[in-house]
Amino acid sequence: QVQLVESGGGLVQAGGSLRLSCAASGRTFSTYTMGWFRQAPGKEREFVAAITWSGGSTYYADSVKGRFTFSRDNAKNTMYLQMNSLKPEDAAVYYCAARTYGGSFYAPESYNYWGQGTQVTVSS
């Protein structure tokens with residue numbers, strides 16, 4: 001079992017920054033690929049970023065590439081999403097997720113553990 005708890009969401013002006021955190025329980029956290037997804041009202045959940053178990057490889061949606069940075073600290077069972085140059089279209093509920101089996105990094109159905117989400121609001 002893996003439990004995930006996100007934090008760090010809030011209200012920020014366009015152009016500002018936020019850092020989301022995701023704390024994980026479970027001794028095998030370090031072996032999992034982890035992902036961030038987001039869901040805006042009336043829209044489907046969409047891929048934001050993924051990171052391999054070692055942190056050696058990261059993958060980003062085109063819409064956030066160059067602005068968001070995904071990192072993980074396996075010693076602390078925590079991962080981070082640094083979000084810079086935020087835009088109103090980045091506003092959504094952000095979810096962290098763990099992928100314990102195979103499947104595409106980009107597909108939410110490949111992830112079998114999810115946090116409860118944290119709200120990010122960006123004012124224009």
Side-chain angles (χ1 to χ4, degrees):
Q1 284 287 342
V2 177
Q3 290 186 327
L4 304 171
V5 179
E6 302 97 336
S7 61
L11 172 64
V12 64
Q13 287 189 330
S17 298
L18 281 175
R19 189 176 82 155
L20 305 184
S21 299
C22 177
S25 65
R27 56 184 177 176
T28 56
F29 165 78
S30 62
T31 66
Y32 301 150
T33 293
M34 303 297 295
W36 284 99
F37 290 78
R38 66 188 183 187
Q39 188 166 19
K43 296 187 177 181
E44 293 189 351
R45 192 167 296 190
E46 66 172 358
F47 171 79
V48 175
I51 191 167
T52 54
W53 68 272
S54 66
S57 295
T58 50
Y59 305 85
Y60 297 96
D62 288 343
S63 59
V64 307
K65 202 171 294 183
R67 300 187 297 121
F68 290 12
T69 303
F70 194 177
S71 60
R72 67 189 295 168
D73 185 340
N74 287 339
K76 296 182 178 179
N77 275 13
T78 302
M79 59 184 195
Y80 307 96
L81 185 68
Q82 178 67 44
M83 306 187 295
N84 298 329
S85 301
L86 282 161
K87 304 175 181 179
E89 52 263 41
D90 294 318
V93 177
Y94 283 70
Y95 299 90
C96 63
R99 171 179 166 271
T100 63
Y101 298 102
S104 168
F105 290 160
Y106 305 97
E109 55 266 26
S110 297
Y111 294 77
N112 46 334
Y113 293 102
W114 292 84
Q116 81 289 350
T118 186
Q119 178 72 52
V120 171
T121 303
V122 184
S123 62
S124 57

Note: S17 and S85 closest approach over all heavy atoms is OG-N, 4.3 Å
Under 6.0 Å from the six-membered ring centre of W53 and within 45° of its axis: does the NZ or CZ of R99 meet both? no
Provide the closest heavy-atom pair for G35 versus F70 in the form atom of the first, atom of the second, distance. CA-CE1, 4.0 Å
Would you mind telling me which of Y94, Y111, Y95 makes a ring pair (Phe, Tyr, Trp, His ring centres under 6.0 Å) with F37? Y111
Would you call P108 and W114 a side-chain contact if the rule is heavy atoms closer than 4.5 Å? yes
Please answer: with hydrophobic residues joined when any side-chain heavy atoms are less than 4.5 Å apart, are Y60 and L86 in the same cluster? yes
Please indicate whether Q3 has more than 12 foreign heavy atoms, meaning atoms of other residues, nucleotides or ligands, lying under 6.0 Å from its CD. no
Counting only heavy atoms not in K43, do more than 12 sit closer than 6.0 Å to its NZ atom? no
Ignoring hydrogens and geometry, is there a side-chain-to-backbone donor-acceptor pair from N84 to F68 under 3.5 Å? no
Give me the atom names and distance for the closest heavy-atom approach of A23 to T78. CA-OG1, 4.3 Å
So F105 and T52, do their side chains get closer than 4.5 Å, heavy atoms only? yes
Return the minimal non-hydrogen interatomic distance between R72 and N74, and the atom names on each side. NE-OD1, 2.8 Å
Hey, does the side chain of E6 reach the backbone of C96 with a donor-acceptor pair shorter than 3.5 angstrom? yes
Relative to the ring of Y106, is the ring of F47 parallel (under 30°), tilted (30 to 60°) or perpendicular (over 60°)? perpendicular
Please answer whether the main-chain N or O of G9 pairs with a side-chain N or O of T118 as donor and acceptor at a distance below 3.5 Å. yes
Assess whether a salt bridge exists between D90 and K87, defined as any Lys/Arg side-chain N lying under 4.0 Å from an Asp/Glu carboxylate O. no
Within a strict 4.5 Å, meaning less than it, do heavy atoms of the L81 and V48 side chains meet? yes
How long is the straight-line distance from OG of S71 back to CD1 of I51, given to the nearest 0.5 Å? 6.0 Å
Please examine the side chains of M34 and L4, heavy atoms only from C-beta on, and report whether any two atoms are closer than 4.5 Å. yes
Of the non-hydrogen atoms in Y113 and V2, which two are nearest, and what is the gap between them? CD2-O, 3.3 Å
Please walk me through it: do V12 and T121 pass side chain to side chain contact (heavy atoms under 4.5 Å, CB included)? CA-CA 6 Å; V12 64; T121 303; over 6 Å; no
For residues S63 and R38, report the shortest heavy-atom separation together with the two atoms involved. OG-NH2, 3.5 Å
Heavy atoms, side chains only, cut-off 4.5 Å: are M83 and L20 in contact? yes
